[in-house]
Amino acid sequence: MTCESRELIVGYLYDELTDSERRSFDAHLSVCDECRGEVAGLKATRSHLSLWAPPEPEFAFRIVSEQAPDAKVLPMRSRWKPALGLAAAAVLVLAAATAIANLEVRYDARGLVVRTGWARGDGATAQNTGQDSRAANGAIQPASFRSEFQALERRLRDLEISAAARPSAGSLQTASARMDDAEMLRRVRQIVGDAESRQQIVVAERLLEVMRDFDRQRQVDLAAIERGLGTYQGLTNAEIAQQRDMLNQLYRVAARQEK
Amino acid sequence: MGGDLDSFNQLVLRWERPIYALAYRVIGREEDARDVAQETFLRAFRALSGFKGQAKFSSWLYRITLNLCRDWIRKERRTPVSQAPEGIDIIELAGEGTPAESIEQLVGRKQLGRAVSKAMAMLPEEQRTAIILKEYHGLTFQEIADMLDCPLSTVKTRLYQGLSVVRKQLEEAGVKPDSLGK
């Protein structure tokens with residue numbers, strides 16, 4: 001425990017004393033080992049504190065717009081609630097379906113190999129089990145995406161069943177409204193199927209394009225390499241021949257001189 | 001309104017680092033500190049019409065930040081942790097030092113920083129906040145007292161107690177008082 005107050009010590013440390021307070025404290029420090037040691041220790045601690053720096057994040061936020069303060073939210077009419085709920089669920093299903101895609105690209109001794117998540121291919125180890133399977137390196141095999149698509153189908157079916165089974169809610173729910181739900185689900189299913197087909201076709205076309213470009217470039221590169229090697233070989237042979245001629249010339253000159 | 005937005009974004013550019021640094025040191029988590037900083041500027045923008053210049057703009061921002069940090073601590077019901085990574089990447093470290101520093105000095109500095117971070121995380125929130133505002137943001141005792149709505153003597157007591165605890169923690173971690181070679 002030091003003889004001077006903590007407030008005085010802290011004030012001295014941060015140089016927030018008045019002139020007279022500081023002179024008085026300086027005089028005290030000259031005769032008090034304990035306070036002098038305390039001040040020195042806390043000064044060292046302050047030096048150490050200077051090493052504590054936060055990491056450097058990437059700042060990217062800016063105020064870009066301001067929402068109108070009195071924006072109103074229109075109320076939903078109750079009889080549309082079931083249809084909108086189903087539509088929201090169907091949109092989520094659609095989003096999940098379009099997000100399911102896998103592309104594996106490998107180039108090895110067999111050449112360029114490309115597989116999509118929906119295609120059967122070499123090395124597929126799960127055959128319609130509907131279960132995820134993993135290769136030794138941990139990559140998910142194509143059969144898992146089939147199972148996910150099957151899960152989507154089941155979900156759509158459940159939505160259809162629940163839409164058909166729902167009793168009429170209120171006096172305004174009519175048979176035509178129930179049909180609208182079923183029709184919507186049918187259309188969503190159609191969209192999911194079309195999206196998948198389109199995606200597969202687009203991906204396949206692009207892959208074929210990539211493979212053709214790759215092969216074309218590979219042929220060009222191989223030809224260039226061969227030409228280069230041939231040129232180099234040609235040069236080497238010519239150099240060898242030239243050196244041989246020079247050596248022969250020297251030999252003949254040397255032989256004449258010996259005679 | 002477009003001009004006001006541009007002007008405010010200039011303020012954001014000027015204050016985002018100090019606000020983030022304050023939040024990081026109080027709550028000790030990088031991602032959450034960034035969220036707090038972002039929320040600080042959002043709230044400040046919305047409440048700008050109510051700021052009449054009765055205090056420094058920086059003090060006003062700091063107060064918003066500290067309130068958000070306090071809310072975060074209460075909501076998470078946890079004490080801040082030291083998030084310094086365990087390993088030291090020598091290559092990355094070499095880019096940070098001055099040409100006059102050896103790798104040993106750089107590593108030592110990094111380890112010391114980590115020890116300080118751990119010691120600060122052990123402090124009660126009010127002591128840690130007082131030290132952060134004084135050491136890293138240069139506020140006077142009176143400014144800190146005004147911001148935290150407490151007496152001047154309380155601020156000084158918290159500073160003294162906080163510094164003493166950090167000093168003891170560093171000594172127990174083997175950090176010598178003259179380890180910076182000063």
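As the structure is a computational prediction, the values presented were derived from the model and not from experiment.
- Using a 4.5 Å cut-off between heavy atoms, B:L170 touches chain A through its side chain atoms alone.
- Judged as a side chain to side chain contact (heavy atoms under 4.5 Å, CB included), and not counting sequence neighbours, the contacts of B:A21 are A:P54, B:R25.
- When heavy atoms are compared at a cutoff of 4.5 Å, B:A37 approaches chain A by way of both its backbone and its side chain.
- Contact tally against chain B (heavy-atom pairs below 4.5 Å) for A:A40, A:G11, A:G41: the top residue is A:G41.
- Atom CG in B:L148 sits 10.0 Å away from atom OG1 in B:T154 (nearest 0.5 Å).
- Judged purely by distance below 3.5 Å, without hydrogens or angles, the side chains of B:Q10 and B:D6 never pair a donor atom with an acceptor atom.
- The candidate with the highest count of non-hydrogen atom pairs below 4.5 Å against chain A, out of B:I131, B:T140, B:V12, is B:T140.
- Residue B:E171 does not touch chain A at all, counting heavy-atom pairs closer than 4.5 Å.
- Partners of A:T18 according to the side chain to side chain contact (heavy atoms under 4.5 Å, CB included) rule, which considers only residues two or more places apart in sequence or in another chain, are A:S20, A:E21.
- A salt bridge does not link B:K156 to A:E16: none of the charged nitrogens lies less than 4.0 Å from a carboxylate oxygen.
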